[in-house]
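Shown next, in structure tokens, is the structure this report addresses.
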Amino acid sequence: MLSRNTSPLSRLTLFSALLMLSACGEAPTPGPAVMPSVVVNTAHMKEIRAKTEIVGRTRASEDVVIKSQIQGQLLKRTFIEGDDIEAGELLFEIDPSTYEAELAQQQAVLKQAIASRDVAVMNWERGRRLLPDGMISAQDMDELTSRKLTTAAGVVQAEAAVKAAELQLSYTKVYAPISGRISGAKVSQGDIITPQSELASLVQLQPMWVNFQVAEKTIITAKQNFSKAAKRDVEISDVTIRLRLPNGSMFDETGYIDFVSNRVDAATGTLELRATFDNESKLMLPGLFVTLIIESPISEQAILIPQAAVQEDQQGRFVMVLDEQNKVQKRLVELGDRFGVDWRVLSGLNEGERIVVDGLQKIRPGIEVKAVEQQAVPFQEANDA
């Protein structure tokens, strides 16, 4: 019992101590455990077309280096550098005077040869009539025959010389062998041109080729898949090819494969292929590095999972799967190509299993969670423009 003489401060201190002792005697009541909530996605089979991206380089379907065939002074250039040229259009003109004189000389020689042949033929005809009467000897007749044959050969030789001179004269005018885009001129007006001098180059832009290489195992797999196509025969030319330009935009045409090399490069293990594009707009030029987006003509069923569900550690790529009791399991998976924001699952996951796509940071294998099904979104394949 407290004495009446006890000070008010002492009584307050004692009362506080009693309250603390009373509180220590009561155990705290634990609250209910909070179950983590996660978003899950159910793995379903979806129809896909396998795609791949390969870097290639554009190449003109025709690339012609225009060279001179003769020697002479360049009189004129008749085209605008960088223009589109039609086949047969005049490009250069070389001084023809020397070759015109040569042609005139060979034509004169031809006339002499024809005259000599005609005289020899007349003499031979006369001798043929006189021989039976013994007016000329057999030896004279032989000489007439020899002269006739020799002069006939001289005419053929002179005709050939005229044709050669005409050909040389024709080389004084240089025409475009194909339609295409002309380069800058390599020579100037007044230059002395020599045989095999490079004058310009001409590239055909329509169609445009794209050369690229494919790994040997890829082409073998593709051919095996084609052979398994049940509905129709599938050829490599049926493969649809789209093109991404160097600035990232998509080319507005589709192409097709028109050439496959007959051997694999032993050094690189790749096979050379070529795709063809009409290039109606003439947008593509030779020498561009472009990305080919190659789509298989064969549809197939595959399991696709969101990229957000995939994690990776030292064991490899894995996903978190929920069992029937909503308990978390770690599942290693083997993944294939990407299709938009989804990965193709090659192994490790079955259709109908639920995988966690959101809330991964709150869970670990073995715990029970509250699952919320992810809302379905339309499937978009990779590289859709």
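Position 1 is the first residue of the sequence, and the numbers go up from there.
Within a 6.0 Å radius of CE in Met135, other residues, nucleotides and ligands contribute 12 heavy atoms or fewer. Dense packing is recorded around NZ of Lys362, with more than 12 heavy atoms of other residues, nucleotides or ligands lying under 6.0 Å away. With a 6.0 Å radius and a threshold of 12 heavy atoms from other residues, nucleotides or ligands, Glu166 has its CD atom above the threshold. Applying the 6.0 Å contact sphere to NZ of Lys111 captures no more than 12 heavy atoms from other residues, nucleotides or ligands. The environment of Gln139 atom CD is sparse: at most 12 non-hydrogen atoms of other residues, nucleotides or ligands sit within 6.0 angstrom.
The residues Asp191 and Arg77 are annotated as not salt-bridged, no charged nitrogen and carboxylate oxygen being separated by less than 4.0 angstrom. Between Asp83 and Arg181 there is no salt bridge, since no side-chain N of the basic residue sits under 4.0 Å from a carboxylate O of the acidic one. Taking a cutoff of 4.0 Å between a charged side-chain nitrogen and a carboxylate oxygen, Arg242 and Glu253 do not qualify as a salt bridge. With respect to Arg354 and Glu373, no salt bridge is recorded, no charged nitrogen being found less than 4.0 Å from a carboxylate O.
Formation of a donor-acceptor pair under 3.5 Å by the Asp313 side chain with backbone atoms of Gly316 is found in this model. Without hydrogens or angle criteria, Gln105 side chain to Glu102 main chain gives no donor-acceptor distance under 3.5 Å. Although no hydrogens or angles enter the test, the distance criterion places no donor-acceptor pair under 3.5 Å between the side chain of Asn123 and the main chain of Leu144. With hydrogens and angles disregarded, no donor-acceptor distance shorter than 3.5 Å links the side chain of Thr194 to the backbone of Ser197. Glu89 places a side-chain N or O within 3.5 Å of a backbone atom of Glu86 that can act as its donor or acceptor partner. A donor-acceptor contact shorter than 3.5 Å is absent between the side chain of Asp265 and the backbone of Gly269. At distances below 3.5 Å, not a single donor-acceptor pair connects side-chain atoms of Asp278 with backbone N or O atoms of Glu280. In this structure, Thr58 contributes its side chain and Leu285 its backbone to a donor-acceptor pair below 3.5 Å. Although no hydrogens or angles enter the test, the distance criterion places a donor-acceptor pair under 3.5 Å between the side chain of Ser116 and the main chain of Gln112.
A cation-pi contact links Arg317 to Trp343, judged by a cut-off of 6.0 Å to the six-membered ring centre and 45° from its axis. In this structure, Arg59 fails the cation-pi test against Trp209, since its NZ or CZ atom is not both closer than 6.0 Å to the six-membered ring centre and inside 45 degrees of the ring normal.
Side-chain contact between Leu335 and Val345 is present, with heavy atoms from C-beta onward closer than 4.5 Å. For the pair Met284/Leu243, a side-chain contact is recorded, criterion being any heavy-atom separation below 4.5 Å from C-beta on.
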Side chain to side chain contact (heavy atoms under 4.5 Å, CB included) between Leu91 and Leu199, intermediate numbers included: CA-CA 9 Å; Leu91 302 178; Leu199 306 179; over 6 Å; no
Residues Leu90, Lys173; criterion side chain to side chain contact (heavy atoms under 4.5 Å, CB included); working and verdict: CA-CA 7 Å; Leu90 179 64; Lys173 291 185 178 181; 3.8 Å; yes
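Here the CG-OG distance, from Leu74 to Ser188, works out to 8.0 Å after rounding to the nearest 0.5 Å.
The only option from Gln204, Gln206, Arg274 that meets the side chain to side chain donor-acceptor pair (under 3.5 Å) definition with Ser61 turns out to be Gln204. With respect to Phe212, the side-chain contact (heavy atoms from CB on, under 4.5 Å) criterion is satisfied by exactly one of Ile257, Thr270, Val290: Ile257.
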